[in-house]
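Below is one structure, written out as structure tokens; the observations come after it.
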Amino acid sequence: LIARYLGPHQYGTFVAVTAAAALVSPFVSNGWACVMIQQVARDRNQFAACFGKVLVATLLSGLLLSALTIPACLVLLPGSIVPAIIILVNVTDLLVFPYVGIAGVAFWSLENLGWTAGFTLFASVLRLCGIALLMILHGPTLVAWSIIYLITSALSALVAMGCALWILGAPKLSLRWRSEEHTSELQSRQYL
């Protein structure tokens with residue numbers, strides 16, 4: 001729908017900016033989501049600590065990658081692209097939307113994949129509603145769509161994280177990145 005209503009030039013611009021964000025988005029959370037699944041599979045009591053580490057890693061890596069990607073896009077992409085579009089799309093894809101995936105991984109680590117699939121479906125339906133609202137209330141423009149893209153992603157992230165916190169419990173935030181068990185294991189190896 002967006003491709004049809006924005007037209008080839010505006011939609012091509014949106015795809016170029018999202019492609020740039022997609023190049024670095026796999027590095028958001030730096031693999032801590034996979035570590036969380038591994039750790040929680042071994043010991044469910046590690047869930048709160050792992051969940052906290054994933055949230056902090058996602059925030060810090062998202063900030064860093066946004067700070068690198070936005071200027072790179074401003075330099076490398078055509079100058080005709082409005083900087084607000086680059087900023088909105090990168091903030092959405094690198095800082096906001098990853099929390100939908102993190103909430104899904106939290107449920108996944110506890111073997112509850114129904115919630116994980118539900119979050120993805122909810123985000124897609126919410127974006128479709130955003131497109132419909134945009135077409136009804138406002139003529140679709142790239143800036144308007146970028147704002148709707150951010151708003152629907154933020155709502156999806158809020159709902160997903162809200163469900164994770166309400167159902168699974170609060171994360172344990174810590175500055176220690178290695179578990180105590182892993183640290184003691186490393187110390188015992190040093191003496192061998």
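Just so it is clear, the model here is predicted, and its values are computed rather than measured.
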Approximate separation, where rounding is to 0.5 Å, of Phe119 CZ and Ser124 OG: 13.5 Å

Test item: Leu68 and Val24 side chains (from C-beta on) under 4.5 Å apart, heavy atoms: no

Distance-only check: which donor-acceptor pairs under 3.5 Å involve side-chain atoms of residues 102-118, not counting sequence neighbours?
{"residue": "Ser109", "atom": "OG", "partner": "Ala106", "partner atom": "O", "Å": "2.8"}
{"residue": "Thr116", "atom": "OG1", "partner": "Gly104", "partner atom": "O", "Å": "2.7"}

Side chain to side chain, Ile131 and Ile148, heavy atoms closer than 4.5 Å: no

side-chain contact (heavy atoms from CB on, under 4.5 Å) assessment of Asn90 paired with Cys73: CA-CA 9 Å; Asn90 276 285; Cys73 287; 4.0 Å; yes

Same apolar cluster (I L V M F W Y, side chains within < 4.5 Å links), Leu65/Leu74: no

Exam field: side chain Tyr149 to backbone Gly130, donor-acceptor pair closer than 3.5 Å: no

N/O donor-acceptor pair under 3.5 Å between Thr69 side chain and Ser66 backbone: no

Interatomic spacing from OG in Ser153 to OH in Tyr99 - rounded to 0.5 Å: 14.0 Å

ILVMFWY cluster, Leu95 and Val28 together (side-chain gap under 4.5 Å): no

CG-CG distance between Leu128 and Leu133, expressed to the nearest 0.5 angstrom: 11.5 Å

Spatial distance of atom CD1 (Ile87) from atom CG (Leu150) [nearest 0.5 Å]: 11.5 Å

Pair Met36-Phe47, side-chain contact (heavy atoms from CB on, under 4.5 Å): steps then yes or no: CA-CA 7 Å; Met36 177 178 171; Phe47 174 79; 3.2 Å; yes

Step-by-step side-chain contact (heavy atoms from CB on, under 4.5 Å) determination, Ser146 to Leu142: CA-CA 6 Å; Ser146 298; Leu142 187 52; 4.3 Å; yes

Sub-4.5 Å side-chain heavy-atom contact between Arg127 and Ser156: no

Charged tip of Arg44 within 45° of Phe51 ring normal and under 6.0 Å: no

Same apolar cluster: Ile37 and Phe27, side chain cutoff 4.5 Å: no

Same cluster (ILVMFWY, side-chain, under 4.5 Å), Leu77 and Val75: no

Separation of Lys53 NZ from Gln39 CD (nearest 0.5 Å): 7.0 Å

Thr18 side-chain N/O to Val15 backbone N/O, donor-acceptor pair under 3.5 Å: yes

Transitive ILVMFWY side-chain link Leu94 to Val100, under 4.5 Å: no

Heavy-atom closest pair, residues Thr58 and Ser29: OG1-CB, 3.2 Å

CD on Gln10 to CD1 on Ile81, rounded to 0.5 Å: 11.5 Å

Nearest heavy-atom neighbours spanning Ala48 and Ala170: CB-O, 3.8 Å

Non-hydrogen side-chain atoms of Trp32 and Cys50 separated by less than 4.5 Å: no

